[in-house]
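Accompanying notes for the structure given below.
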Amino acid sequence: MQKSVKILGIGNSFSVDCMEYVYKILKNLGVEDIKLGNLYIGGCPLRSHCENARGDLPAYEYWKNTDDEWQIIPDFKMSDAIKEREWDYIFTQQQSGRSGLAETYDDVDELTAYVKSLAKGNYVYGWQMTWAYANYFENPNFEPYDNDQDKMYSAILNAVQTKILPRKEFERLIPSGTAIQNARAVLGDVLNRDGFHLSYDFGRFIAGLCVVKGLVGLDIDNVTYAPEGVDEEKRKLAIAAANAACKTPFAVSKL
């Protein structure tokens, strides 16, 4: 078992969602040394990350977790977070509304080069494939997909397959979007707290399992932890949804 895991996310509120329970899941699996960092700006797209990198701007809230408590530091630079320690894993993602618009992904090359220029040691670079909105969500960001969850999910799959997989820098995929669709196929459209962010307990738990399995590569079958409000049946469903997504990231699996 891996005894040390250090993860840095470069994202937005969707990276907050997927990282919320990662510390607890890793600890439950026996990981002893856990360091988590998450560079947060609400709704931040790849292009804005690149602009912040170019100007070395203190534009982020830096969410840190080294003892199972999240500490939030304002006015933080991406460069300082990357250089803070030798990260084992670094991941990024596209802003949710643009996640199915493949033409918006080319900014990832500039961000990737920036990370590479600053990161210490050897690290695994990953991509989070985010989730489609709830069908009831009303927002202009949903309009490019005709306000249709299935269309948005298909567009996200296409964007990742055409724009991320060919870029060899990305070694791991966090298939949160497919894991959420897997669970939706069982429970219905009930995994969001507001139409686009994940539910505080179950939805975030699924995404966290995807980080631990998809990015870190740990076996999640033996995870006994579940957030308060997630019963035994849902704990098993969350593990099954994440496992199936990591095995088959570009199609919904029958659980």
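Keep in mind that this is a model prediction, so the values were computed, not measured.
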Has Arg235 got a side-chain atom pairing as donor or acceptor with Val223's backbone, closer than 3.5 angstrom?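 Judged by distance alone, yes, a pair lies under 3.5 Å.
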Over all atoms of both residues, closest heavy-atom pair of [X] and [Y]:
X	Y	result
Pro166	Gln161	CD-O, 3.4 Å
Ser99	Ser96	OG-O, 2.6 Å
Asn192	Tyr136	O-OH, 3.6 Å
Val22	Ile7	CG1-CD1, 4.1 Å

Strictly below 4.0 Å, N to O, side chains only: are [X] and [Y] in salt-bridge contact?
X	Y	result
Lys6	Asp33	yes
Lys64	Glu84	yes
Asp106	Arg167	yes
Asp17	Arg193	yes

Indicate, with yes or no, if the rings of His49 and Tyr60 have centres closer together than 6.0 Å.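 Ring-ring flag for His49/Tyr60: true, centres closer than 6.0 Å.
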With sequence neighbours left out, write down each residue that passes ring pair (Phe, Tyr, Trp, His ring centres under 6.0 Å) with Phe76, or none if nothing qualifies.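 With neighbours one apart ignored, the set is Tyr62.
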Scan side-chain atoms only and decide if Tyr153 and Thr178 contain a donor-acceptor pair under the 3.5 Å cut-off.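 Checked: Tyr153/Thr178 side chains pair up, N/O donor to acceptor below 3.5 Å.
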Taking Gln128 as the fixed residue, which of Gln93, Arg172, Gln94 is the one that meets the side chain to side chain donor-acceptor pair (under 3.5 Å) rule?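 Single pass found, and it is Gln93.
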Sub-4.5 Å side-chain heavy-atom contact between Arg47 and Thr104: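 Not in contact.
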